[in-house]
Amino acid sequence: MIFEPIDIEISKLSCERDDRLLFKNLSMTLNPGQILRVAGPNGAGKTTLLRTIAGLFDIQTGTIRMNQLPLKECLEQILYIGHKPQVTKDLTVLDNLKFLTGSDDDHLKRALSDVGLKGYHDSLVKELSQGQGRRCALARLWCVKAPIWILDEPYTALDVEMVKTLDTRITWHSAAGGICLFTTHQPPQSLKYTTLELDHVT
Amino acid sequence: MGWRWFHQWGSPRWFYERAGRWQLVCGRLALTLLITGSLWGLAFAPIDYQQGNSYRIIYLHVPVAFLAQALYAAMAVCAVVLFVWKMKLADVAMQSIAIMGFAFTALSLISGAVWGKPTWGTYWVWDARLTSMLILAFLYLGVIGLRAAIQDPDQAGKACGILVLVGVVNLPIIKYSVEWWNTLHQPASLKLTEKPAMPASMWIPLLINILGYYVAAAYLILGSMRAIVLERERRSAWVRELVSRA
Amino acid sequence: MSLERRMLTRELKLNVARPGEIFKPMWFLILVVSMLPLALAPDSDLLSEIGSAMIWVATLLALLLNTEHLFQSDFSDGVLEQWLFLNRPLAWLVGLKLIAHWLFHVLPLILITPIAGIMLSVPTDVLWALLVTLVIATPALTCFSGLGAALTLGSSRSGILGVLVMMPLFVPIVILAAGVLIRAMDGSDTLPLLALLGAFSVVAATVVPIAVSAAIRLNIGGSN
Amino acid sequence: MLEFQFASLAAFFEMEPHGVYVWPIYGLGLLVLGGLTLDNVRQHRRAVRMIQRNLEREETHEL
Amino acid sequence: MNSKRKQRLLIVLGLVSGFGIAVGLVMFALSQNINLFFTPTQIAKGEAPSAQMIRVGGMVADGTVDRDPQSLKVAFDVTDFDHNVRVTYEGILPDLFREGQGVVVQGRIRSGQFVASEVLAKHDENYMPPEVTEALRQSGKLDQMMGGQK
């Protein structure tokens with residue numbers, strides 16, 4: 001599957017939080033197939049930037065446009081996975097994914113076997129280990145058609161094998177013309193990406 | 001020019017500096033009016049034919065009750081300004097008005113209750129006006145409590161704004177429903193549209209006191225807003241400069 | 001499967017997984033109702049006179065008890081923020097959630113009020129009036145307490161605060177419902193008051209989801 | 001119009017028979033207005049002091 | 001996007017129809033007598049339902065108050081200067097209750113009499129020095145004034 005060409009244009013974005021200037025006059029354009037790692041020390045505003053681009057935070061100053069359209073009108077093009085589990089503990093793996101993606105059972109089961117959760121579709125999320133729960137949340141990447149991925153620390157709690165699987169999936173996504181933004185503290189080995197360094201603005 | 005008078009309010013610094021002066025004027029004016037009005041009402045206004053001297057409580061009760069309701073409306077206006085123009089000062093005003101509003105509502109409830117004792121023979125009846133005033137007090141308390149519960153001041157301000165707006169839609173309904181439910185309290189003594197139903201020697205001091213309490217409320221709100229502005233803007237250059245100069 | 005069906009199925013499954021959430025308020029209601037005759041002398045005339053009003057208030061409190069955390073678990077799991085990407089207006093999704101909440105949590109509560117009524121020897125026709133007022137008034141109550149829950153989502157020590165904040169807004173509803181009950185005891189016409197109650201619920205159901213969605217957006221924007 | 005309504009100053013304070021109701025209310029009103037004024041002053045002073053403390057702390061850091 | 005516009009249209013439609021239904025319900029309710037408040041004239045014409053809790057408002061007619069010396073029973077006429085209603089009540093009357101005073105009584109009609117369960121004295125919004133009242137009373141204007149405003 002190849003995505004329609006999509007780009008994100010960020011211009012003069014500034015953000016202040018709790019009286020602290022996180023970033024100022026940030027301008028960049030993300031093109032189809034681009035993989036961008038947002039890096040920086042703790043508290044540099046990585047999560048804030050990601051959530052702003054995902055439309056979860058109001059833009060304080062500056063603009064973000066997708067294919068020339070304001071961000072607010074294109075939210076369904078985005079897949080966002082944040083720090084929080086993104087899955088409900090009291091539901092089964094399958095029910096969780098069914099609600100979030102709307103895909104059918106076969107599709108979802110295939111995605112689950114891709115992330116190494118084969119046979120777990122009927123287990124409740126609270127019965128899974130932390131890494132498995134993370135895999136469950138990430139399984140959405142295998143069954144959703146959004147061209148823009150915004151992943152906040154996707155590698156946390158994943159084993160080496162799963163890291164590799166995720167890298168491959170992101171590479172494919174980029175090959176199909178999708179955009180991926182992510183943050184991480186362990187730079188992935190088998191992924192080609194560009195880096196945006198966020199420093200404390202003083 | 002044009003909208004400048006309005007946009008000035010977007011600058012906390014402009015407000016802080018001007019408000020100090022306004023506050024001084026308001027404070028003096030309020031003091032003069034309140035002393036005149038209260039003394040006149042207490043000592044020189046004639047006694048009422050039915051209620052005797054107890055009616056002299058109206059020179060406090062009526063202005064304060066007016067104010068309690070007017071302040072909620074003012075708070076609602078602030079909420080609208082906050083959402084439409086994203087003006088931070090409106091949020092500051094909302095915060096101080098909530099506290100003053102609650103104080104005045106409580107004062108009007110207490111003075112009403114004490115007045116009710118000689119007049120109706122009881123401190124409290126579940127009458128329409130009394131009940132809706134009580135609910136107004138709860139609404140103010142809710143706004144104060146909500147703000148106290150949320151850490152981030154911007155977020156707290158917006159949450160309070162939503163609450164205030166929902167409350168303002170409901171306030172007339174509350175008033176109507178409660179009035180339908182049980183009415184004992186007399187209608188308002190002073191109406192803007194009609195000639196007052198009391199002699200001049202009674203209503204002039206009342207009017208003076210109403211003005212006095214309004215100006216006093218302005219004085220108090222300005223004062224509390226200045227303190228809040230200073231605290232919220234503590235990291236800005238002008239505040240640092242101001243404080244280090246002092 | 002449409003998003004709306006997905007949402008309602010999810011709610012259903014969640015409630016099957018957490019049956020305690022449904023039974024807790026019912027248990028509370030029955031407890032309050034059984035304490036009442038113990039606190040008063042078990043004088044059945046007095047009980048039947050004030051019983052319906054007591055059941056109404058107890059149901060109101062029970063309802064508040066289970067609406068307090070309406071959005072809390074979805075919020076802390078991060079599922080709530082996913083709603084923004086679902087290609088539907090947030091207010092509409094909030095409306096669905098409130099409908100589901102009413103169906104799975106409030107309706108069962110209303111359905112057990114006849115038991116409470118029998119315990120307090122409330123006359124049958126008053127009991128009917130009680131049921132009807134509850135069915136008509138609870139949508140508005142659910143909406144308002146949902147708004148309270150949404151407003152205090154981000155606060156670390158919200159607890160019962162959200163509900164307390166909304167309490168004053170319940171006044172007209174309680175007054176109207178009480179009016180219906182009094183008239184039902186008299187045997188007079190309750191229809192006009194029920195119409196007013198209905199108007200209240202309709203307005204709340206159209207306006208409050210918008211306010212709730214604003215509150216949710218606010219809290220998603222603030223959580224970090 | 002401006003004629004003292006009471007026979008004596010004592011009668012004024014007595015305000016027969018409602019002095020017990022009227023005077024405490026005016027006292028309370030005074031208390032509320034005065035209290036709020038004082039609270040504002042205190043809050044303002046506290047804000048100033050806090051900012052001063054912060055400034056001092058920053059200065060010692062820079063040294 | 002087209003679907004976005006459709007959604008917005010649906011929301012507006014929902015809001016409008018919601019308010020429409022609400023207004024309809026309120027209109028219906030207001031067309032009925034929700035207040036159950038009646039004047040003595042309405043009662044004399046038999047418009048008030050019997051055996052139902054209703055409220056009657058008017059003035060206490062002069063010289064009609066009969067107090068039972070042994071108990072708290074009291075009977076008086078409530079008038080709107082056209083018709084009178086005989087009210088019986090047992091209980092403590094409010095301090096402001098007197099002849100010529102506005103009252104609201106709540107109760108039921110039983111065999112032509114109004115049995116009140118509650119008597120509320122309406123303190124009017126007029127404040128007057130005693131001399132003025134006296135002057136008015138002498139000129140007979142007071143009753144007019146009091147009767148004029150309900």
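All values below come from the heavy atoms of this structure, side chains included, with hydrogens, waters and symmetry mates left out. Letters go in sequence order (proteins before strands), and every chain restarts at 1.
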(request) Working to the nearest 0.5 Å, report the span between CZ of D/Arg45 and CG of B/Leu230. (result) 13.5 Å
(message) Nearest 0.5 angstrom please: B/Glu231 CD to D/Met50 CE, how far?
(response) 5.0 Å
(message) Please find the pair of heavy atoms, one from B/Ala227 and one from D/Ala47, that lie closest to each other, and give the distance.
(response) O-CB, 4.1 Å
(request) Name, in order of residue number, those residues of residues 102-111 of chain B that have a heavy atom at a distance of less than 4.5 Å from a heavy atom in chain D; otherwise write 'none'. (result) B/Ala103, B/Phe104, B/Leu107, B/Ile110, B/Ser111
(request) Find the distance between OG (B/Ser96) and CD (D/Gln43) and round it off to the nearest 0.5 Å. (result) 9.0 Å
(request) May I ask you to test the D/Asn40-B/Arg226 pair for a side-chain heavy-atom distance under 4.5 Å? (result) no
(request) Return yes when atom CZ of B/Arg18 has more than 12 non-hydrogen atoms of other residues, nucleotides or ligands closer than 6.0 Å, and no otherwise. (result) yes
(message) Quick check: do D/Leu33 and B/Leu220 have side-chain heavy atoms less than 4.5 Å from each other?
(response) yes
(request) Could you tell me which portion of D/Leu36 (side chain, backbone, both or neither) has an atom closer than 4.5 angstrom to a non-hydrogen atom of chain B? (result) both
(request) Please state whether the side chain, the backbone, both or neither of B/Leu42 comes within less than 4.5 Å of a heavy atom of chain D. (result) both
(request) Anything in residues 21-30 of chain D with a heavy-atom distance to chain B below 4.5 Å? Please list those residues in order. (result) D/Tyr21, D/Val22, D/Trp23, D/Ile25, D/Tyr26, D/Leu28, D/Gly29
